[in-house]
Amino acid sequence: MRVAIAGAGLAGLSCAKYLTDAGYTPIVLESRDVLGGLVAAWKDKDGDWYETGLHIFFGAYPNMLQLLKELGIEDRLQWKEHTLIFNQPDNPGTYSRFDFPDIPAPWNGIIAILRNNDMLTWPEKIRFGIGLIPAMIQGQKYVEAMDRYSWREWMKKQNIPPRVEKEVFIAMSKALNFINPEEISATILLTALNRFLQERYGSKMAFLDGSPTERMCEPMVEYITSRGGEVRLNAPLKEILLNEDGTVKGYVIRGLHGASDEVVTADMYVSAMPVDVMKVMMPEPWKQIEFFQKLEGLEGVPVINLQLWFDRKLTDIDQLLFSRSPLLSVYADMSNTCRGYENPDKSMLELVLAPAADWIAKSDEEILQATLAELEKLFPDHFIGDNPTKLLKYHVVKTPRSVYKATPGRQQHRPEQVTPVSNFYLAGSYTMQRYLGSMEGAVLSGKLTAQAIAEAHPVAKSSSLQMQTLQPATNAATA
Ligand SMILES: Cc1cc2nc3c(=O)[nH]c(=O)nc-3n(C[C@H](O)[C@H](O)[C@H](O)COP(=O)(O)OP(=O)(O)OC[C@H]3O[C@@H](n4cnc5c(N)ncnc54)[C@H](O)[C@@H]3O)c2cc1C
C-alpha cells in the first residue's frame, strides 16, 4: 500500500520510517530543497553549518531515543552533565546551577532545587513546593485542566511569589515555547516539570554531534529508501484533490522551474506539514467539518536563531545556558557542545532570540547589533576592555511561524492524528500527543499516525512489535 506524506520534517520522516517497518510504501513529498523542517540546516560557503534552531534532546524523549537506536545512530547524541545552568543578570558573567545528583526521581530534582540558593529563597522554594501539591495528587488530569490559565495566572492562583517567575520561569517559558509566562499555558510548564521531576534522567540534556539534517534526517531517508520508500525534495503540495465523497483522490504537486504540475496518487494520504500550511491547503468541503475547523485556533509562533563565530574562546562551558536576557532565550557555545562544530580556539555561539514577534521583520544587522549588546552582559570580560573579541561571521535564521503558540486553551484545538476523512491523516508536533511542540512530539506524532494507518488498513507484513509507542507512565506522582 502506498502512503503519500506531505512534509519531510521529523513527523513526516518518522511516519514514513514506521510505515516502512509495517510493510507500507511511503512517498514523502517535501516542498523545500532541504530535509528536516524546523530542524533543517544548511552549509555556508566556508563549509560551516547553520541551523533553523538550537536543538536539545532530553532524557525524557523515549520515542526519539528509540528511533535513533533503531537507526543505529544513538551514539550521535552527546550527553552532558545533569545540570541546568542560568546566567545571573545581576552579576554579569556569572552562573547559577541546579545540579542533579545521580539518585532516583523525584529526589534528584528536589535536591537540585534545595541546594540552589542563588536564585530562590527558602520561603520561595516552600511556596512553590506547596503550589505544586494539587498537580502531585491529581496528576495529568490536573495538568490538562490548567490549560485555561497562563503560567503567570496559575502561579498567582497558587500563591507563588512573583519573584519565582522572574528568577526561573521567564527563562523556562521562553525555552519551551518562545513566549513569556503571561502568555504561555500553565499546562506546558506543568508537563515539563512533570517529566523533569518524575524521571531520573528526564532533564538530562544531549546535543547532536552535527547538523540535524545530515546526522539525523539523512539516516532516516536512507532507512526509508533502502526499504522501497521514496523521499522527494522540491515537491510542494499545491492542492488536495477530493473524490465526490470527500475522501482524498490525489495530491497535486506544483511543477517547479516551468515544469507542469503532477498528481501523486496513493492508498492513503498524510499531511505532515505545519498547521499554518495545512489551514491554507484545506479543501473547501472540509471547512464545514468541526474537526478541521478546530485547527483555526492554532498558529505558529515566531522565533529567530543566530549563530556567531568569534576570534577566540569565550567560555569552556559544555552545556546549554539559560541567558535570562529579555532579548535572548537559551544559547550554547557549540564549539564545546557539538563534536561536528568543535573548535578548541574559537567560540561559535548559537542563540535563540525569543519572544521574536517584535524582531521578525527587522533586518539581520539590527538583530545582530541587539544580540551583541546582550552578549556584553553575558561575557563582559571578552566584550569590554582594550582587546575585545571580534565577530568573524554570523548567520541569522528567522522562522515567522514555528511550533504552535501554546497559549491557554490551545489543547482543545490540537487534532488527533486520525481525521474524519477515511484515507487522510495528520502528523506534526502540533497534533495531539503528550510532548507538545518538540522533536519528541514530532517523532511520536508520526509514529502514532503510522500506527493508526496500520490498524485501519492492515497489510500482511504489519508488525506491532516494531511500532511500540513509548508514552510516559501516568500516575498520581506526576509533576
Ligand atoms: C529555534 C527552534 C528551536 C527549537 N528547539 C527545540 C529543542 O531544543 N528541543 C526540541 O525538542 N524541539 C525544539 N524545537 C521544536 C522542533 O524543532 C519541532 O517541534 C519539530 O521539529 C517539528 O517537526 P514537524 O515535523 O512537526 O514540523 P516541521 O519541522 O515544521 O515540518 C513540516 C515540513 O513540511 C514542509 N512543508 C511545508 N509546506 C509544504 C508543502 N506545501 N508541501 C510539502 N511540504 C511542505 C516543511 O518544509 C517542513 O519540512 C525548536 C524549534 C525551533 C524553530
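Both ligands and their constituent atoms are indexed starting at 1 by order of listing.
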Under 4.0 Å from a heavy atom of Val303: which atoms of ligand 1 are those, numbered in the order shown and with their elements?
1 (C), 53 (C)
Which of the atoms of ligand 1 are close to Val403, meaning less than 4.0 Å from one of its heavy atoms?
15 (C), 18 (C), 19 (O)
Using distance alone, determine whether Ala442 and ligand 1 share an N or O pair under 3.5 Å.
no
I'd like to check which ligand 1 atoms, numbered from 1 as shown, lie under 4.0 Å from a non-hydrogen atom of Ser429.
19 (O), 22 (C), 26 (O)
Protein non-hydrogen atoms only, distance under 4.0 Å: does atom 27 (O) of ligand 1 have such a neighbour?
no
Distance-only N or O hit between ligand 1 and Leu237, under 3.5 Å
yes
With heavy atoms and a 4.0 Å threshold, my read on which part of Lys238 contacts ligand 1 is neither
Looking at ligand 1, does any of its N/O atoms fall within less than 3.5 Å of an N/O of Leu54?
yes
Quick note on ligand 1: atoms under 4.0 Å from a heavy atom of Thr52 include exactly 1 (C)
Can you list the ligand 1 atoms lying under 4.0 Å from a non-hydrogen atom of Met273?
34 (O), 39 (C), 40 (C), 41 (N), 42 (N), 45 (C)
From the list Trp42, Trp49, Trp309, ring-ring contact (aromatic ring centres under 6.0 Å, His included) with His395 holds only for Trp309
Would you call the rings of Phe379 and Tyr331 parallel, tilted or perpendicular, taking 30° and 60° as the class edges?
perpendicular
Quick look: Tyr61 vs ligand 1, heavy-atom contacts under 4.0 Å, and the answer is side chain
Do any N/O atoms on Ser438 end up under 3.5 angstrom from N/O atoms on ligand 1?
yes
Purely on distance, is any nitrogen or oxygen of Met281 under 3.5 Å from one on ligand 1?
no
Near Val39, which atoms of ligand 1 are under 4.0 Å from a heavy atom of that residue?
17 (O), 21 (O)
Would you say Thr399 and ligand 1 have an N/O pair spaced under 3.5 Å apart?
no
Ligand 1 atoms in contact with Gly428 (distance to a heavy atom under 4.0 Å):
26 (O)
Give a yes/no verdict on a cation-pi contact between Arg227 and Tyr223, requiring under 6.0 Å between NZ or CZ and the six-membered ring centre and an angle within 45° of the axis.
yes
For ligand 1, is Gly437 a contact, meaning one of its heavy atoms is under 4.0 Å away?
yes
